[in-house]
Amino acid sequence: MPQGTALEICVDLLGLALAAVRGGADRIELCGSLDDGGVTPSSNLVIAVRQAVDIPIAMLVRHRTGPFTVSDAEFEE
């Protein structure tokens, strides 16, 4: 990879996070339910992955599946 480029792998399972580390990921994007487009991961998954890997973790913050646009009511919530 070019210098200054980071490899971020998007995962939604502990086993995939471990595989990403073994595969050379520089960072993990941790999500829940990638099959549905991704949502915020559960706290249990966050804890398990944080304890198991030693690379940075970014987390998707998304409360529901579907479009990435939010209504005014969702934004206020």
Side-chain angles (χ1 to χ4, degrees):
M1 256 191 284
Q3 187 175 5
T5 301
L7 176 61
E8 179 179 273
I9 306 293
C10 189
V11 302
D12 61 352
L13 298 169
L14 175 58
L16 294 176
L18 296 172
V21 171
R22 286 191 309 270
D26 298 303
R27 180 176 55 227
I28 290 171
E29 180 182 347
L30 190 59
C31 303
S33 191
L34 282 176
D35 289 340
D36 293 323
V39 294
T40 303
S42 71
S43 58
N44 288 337
L45 180 59
V46 173
I47 291 167
V49 172
R50 179 69 282 155
Q51 291 175 345
V53 305
D54 61 354
I55 62 174
I57 300 171
M59 284 175 268
L60 180 67
V61 177
R62 186 173 179 216
H63 70 287
R64 60 159 171 75
T65 61
F68 279 91
T69 56
V70 296
S71 68
D72 291 339
E74 289 172 319
F75 183 79
E76 290 301 319
E77 183 182 307

Handout entry: Residue pair E8 / A58: nearest heavy atoms and the distance that separates them
Key = OE1-CB, 4.2 Å
Exercise for the section: List the atom of I55, the atom of A25, and the distance in Å for their closest heavy-atom pair. Expected result: CD1-O, 3.6 Å
Exercise for the section: Calculate, to the nearest 0.5 Å, the distance between atoms CZ and CG belonging to R50 and L14 respectively. Expected result: 12.0 Å
Handout entry: From CD1 (I9) to CD1 (I28), nearest 0.5 Å
Key = 8.5 Å
Practice task
Look at the side-chain heavy atoms of Ile, Leu, Val, Met, Phe, Trp and Tyr, link any pair under 4.5 Å apart, and say whether I47 and L13 land in one connected group.
Solution key: no
Which atom pairs, one a donor and one an acceptor, fall under 3.5 Å between side chains of residues 31-42 and the rest of the protein, sequence neighbours left out?
unit_1 : atom_1 : unit_2 : atom_2 : d
S33    : OG     : D36    : OD2    : 2.8
T40    : OG1    : L60    : O      : 3.3
T40    : OG1    : R62    : N      : 2.7
T40    : OG1    : R62    : O      : 3.2
S42    : OG     : L45    : N      : 3.1

Practice task
State, yes or no, whether a side-chain contact exists between V11 and L30 at a heavy-atom distance under 4.5 Å.
Solution key: yes
Handout entry: Validation row: D26, T5 side chains within 4.5 angstrom (heavy atoms)
Key = no
